[in-house]
Structures are given as C-alpha cells and as structure tokens.
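Proteins get letters first, then strands, A, B, ... in listed order; numbering begins at 1 in each.
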2 protein chains.
Amino acid sequence: MTPKSGIRETKKHETRRALGFAAFDLATERGLQGFVVEDVTTRAGVSRRTFFNYFNRKEEAVVSVCGFVFDDAMTALYQRPADEPLFDSLRVVAGLVVSPENLELLNRLSTIATDFHELVPYELAVRERMVLGAHEALVERMPPGCPSFYPLALVHAAFGVIQAVIVHAADHPGDQVTDLIDEAFDYLRAGFQTTKS
Amino acid sequence: MTPKSGIRETKKHETRRALGFAAFDLATERGLQGFVVEDVTTRAGVSRRTFFNYFNRKEEAVVSVCGFVFDDAMTALYQRPADEPLFDSLRVVAGLVVSPENLELLNRLSTIATDFHELVPYELAVRERMVLGAHEALVERMPPGCPSFYPLALVHAAFGVIQAVIVHAADHPGDQVTDLIDEAFDYLRAGFQTTKS
DNA sequence: GGGCAAAGTTGCACGCCGGGCAAGATTACT
DNA sequence: AGTAATCTTGCCCGGCGTGCAACTTTGCCC
C-alpha cells in the first residue's frame, strides 16, 4: 500500500495498463477467441512471459480495464463526509458508477461477454471487488463495536440495485440512467412497498 | 426444456453429476491445483474427452455441484402462490437458499475458493444464474405491460442481502442463519432506516 | 558514481488445457 | 429391423500457464 518510490511502480502500472487495454481492444475487435496472449504482448511491447507476471489469464486482462470504475467509486466513497448517512453516500457513489463513460465501458464489456460466455465470471469478479471495498469503507464509519452485518447488508443491497440498473440500461439504451438510479434507490428506501410506475 | 424421453437424458444427467461431484470432492481433498481433468474422469468412469462435452473447464465442474441450490430455489419460487406479494415470496425462497445443507455446500466451496482465488469468478456465476432465473419467475407474475424494472431491482436487492448473509455466516459460524435472513429482510423492508442492533 | 541487493523481464522447456474431427457405440423413431 | 440422431471416445495439435535460470533495470548506501 505504500506508494514506494517512483519509476519502478510507475512502469509496472503502465505495463499493466498497456496489457489491459491491448487485451480489451483486441477483444472488442476480434472477440475473445480471435487473439492469443502473444498478440496482446506484441501490442503492449513486452514478452509473452511477462503477461503472466501481471495476469493469470487472458480473461483477467480483458476485464481489468473496468477496474478504474472500481477505483473511482472507492475514491469517491472515501471522500464523502463522515457524518453523511451511509445510504446517501451510496446513492451518490451509485451515480458515479453509472456515469456515461463508465457505462460505455461496461456495455462494451457486456457485449463481449454476451458472445463469449466464459468472460461473465470475470466480469462479476470485478463487481464483487467493488462491493467488498465499499463495505470496508462503510465499516470505518460505523461506531466502534457495532456489528458489521448492517453495513454488509446495505452495501450488498445497494450494489444489487446498481447491477439491476446496469442490466436494465443494457436492454433499454434509451432510458436515462440517472432516473433509473433514482428510481432504484427510491424503491430501496421505501422497502419495495411501492411500485411507482 | 422439454423432458425428452428417458434413458438418454437420464444418462447425461448422471454423467454430469458424476463429473461434478468427482471434481468437487477432488477439490476438497487436494485443492484446485492438486488434480487434473483426467483424475476427474477416471473417478467418474468416462474418458477425458467426454469431460469437455459437459464443462468448458475444471472450475465449472467444481462449482456445478452448487447448481442444485439454484434448482431447488427456482422450483420453490415457481410454486409460491401467484397472488403472494413478490417480496414475501423472495423471503421464503431466501430461507431455503441458506438451508443447513446448502450452507454446508456453499461453505465448502468458499473454503476452496479462499485458497484458490481463481474459483471465485465461477462461484459468482452460479449466483448470477440464480438472480436472473428468479427475475424471470417474478416477471411472469407481473401484470402484462408492466415495466420490468421494479422486479429487476427487487430481485437484485433481495439476492444482494442473501449474499450478505452468506458472507456474514462464513465469518461468524455461530450465528443463526434464519435470524440473519430475518434481519436482512427487515432491513430491506424498512428501507435500511433502522439499525436495529 | 561505483557497486551491491532487490525487483522485473525474458527465453526456454514442459505438462495440461480445450476442442476439432471422425469413427464407433448407443438410443430414439417408425 | 433399419435408419437417423445423439453421445462417447481416441487422436491430434495449438495455445495456456508456470517453474527455472539467466539477464537487465532500479533502488540504495557508501
């Protein structure tokens, strides 16, 4: 977690990014089966062996690009005022997760995953990282000694409806995502006791 | 979806089960890296090539055993009275998902996944199948023409808190799961406006 | 800046994965 | 009984994933 000193970490980060984007782009262009690891490393300018120092498999590299969605969301969550209700913090973060740029990325990923089902598990894993990260962020705000189940349940429910929005948005490209997030969190706030529409 | 006639389907089903359990047991005994596909097929009594007619990879076979959790839950959901509120149906099904036998299975799987991180994505995929299946079941009960976002959000939130219960139960083996499910669905019903504990 | 330790990259080698193909076996249909 | 459809199996082969041992680069201290 320490930033370490410069060049080394920076280069690693750049190499990882280069490999991730190369894999993501190749998957977009040719489909998941349309390229081999060596194609990725050629594009990224490193050797095949190096690829496996960063990722365990091709699929991980492809979905890694979406990790920035995770990073942005977590950064935002940690920056929310400490006295803000947890529910409201999550609502704000939810809006960021489904920003236009992020949705574009997530939809490209979904498109690939539709054709190549084997990618789905890795897509889900990225989301799971986000849920667990958010949980940790919330726990820090809880009064000491407070049982952790409440924030655990809250964060799972919140990211559940966020996922619902993403799924729905993929099927209904016309809908305003901001509205969907509002609708989803209204349902959540009302305990799903109103159907609204 | 048609049952087809007997022997053929039955044998396929049995072969799939045999491969799944062989893989699951081997993973429990030796860990995910402690065996190769050929070990699975030897135990199941088929050829190595046949394995790949049923699963794309070893990991899929290992988690496939948990598919029965999915099947049971879906069967139960379809059998709920049609006029029962969706929320209540999901609450009942939630109790079944975290039955003692299922939890034993899910915990064994979690244990393996803890040691062998590469299994996690496949674990998540099984859960995702359950969420989408439940959504379909709920949609059938909605009045025709009703927008599908409400049940989509509901089912994602519900399985979100179920996942929270499973995660929590893995960390706190002493807790009563039935109580956790009640607590989780109470939170959900109350829109997370009460902390309770 | 010279030199050493730590960390990262690369090529090589090798076993396993994953699946196309075609032949053989088994089941379904009439 | 005969034929079509389905499933299994062995063969084969390119790609995957990784241990290992050089080699190169970076960090650090004198």
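Between B/E59 atom CD and D/dC16 atom C1' there is a gap of 12 Å when expressed in whole angstrom units. If you measure from atom CG of A/L19 to atom C1' of D/dG17, you get 15 Å, rounded to the nearest angstrom. Following rounding to the nearest Å, A/E60 (CD) and D/dG17 (C1') show an atom-to-atom distance of 12 Å. Atom CD in A/E9 sits roughly 14 Å away from atom C1' in D/dT25 (whole-Å rounding). Distance, A/L32 CG to D/dC16 P: 10 Å, rounded to whole Å. Distance, B/F55 CZ to C/dG18 P: 13 Å, rounded to whole Å. In this structure, CD of A/E118 is placed 8 Å from P of C/dG19, rounded to the nearest angstrom. B/K58 has its NZ atom 12 Å from the C1' atom of C/dG15, to the nearest Å.
Within 6.0 Å of CD in B/E84 there are more than 12 heavy atoms belonging to other residues, nucleotides or ligands. Within 6.0 Å of CZ in B/R17 there are 12 or fewer heavy atoms belonging to other residues, nucleotides or ligands.
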In B/S/- notation (B base, S sugar-phosphate only, - none; protein heavy atoms under 4.0 Å), nucleotides 9-14 of chain C written 5' to 3' is BBBB--
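The shortest distance between the side-chain N/O atoms of B/N56 and the OP1/OP2 oxygens of C/dG19 is below 4.0 Å. Phosphate proximity of C/dG18 to B/R57: present, with a side-chain N or O under 4.0 Å from OP1 or OP2.
A cation-pi arrangement is not found for B/R127 relative to B/F159, the charged atom failing to lie both closer than 6.0 Å to the ring centre and inside a 45° cone about the ring normal. Relative to the six-membered ring of B/F70, B/R129 meets both conditions, a distance below 6.0 Å and an angle of at most 45° to the axis. A cation-pi geometry, defined here as NZ or CZ lying under 6.0 Å from the six-membered ring centre and within 45° of its normal, does not hold between B/R30 and B/F35.
Looking only at atom types and distance, the side chain of B/R108 has a donor-acceptor partner in the side chain of B/T28 under 3.5 Å away.
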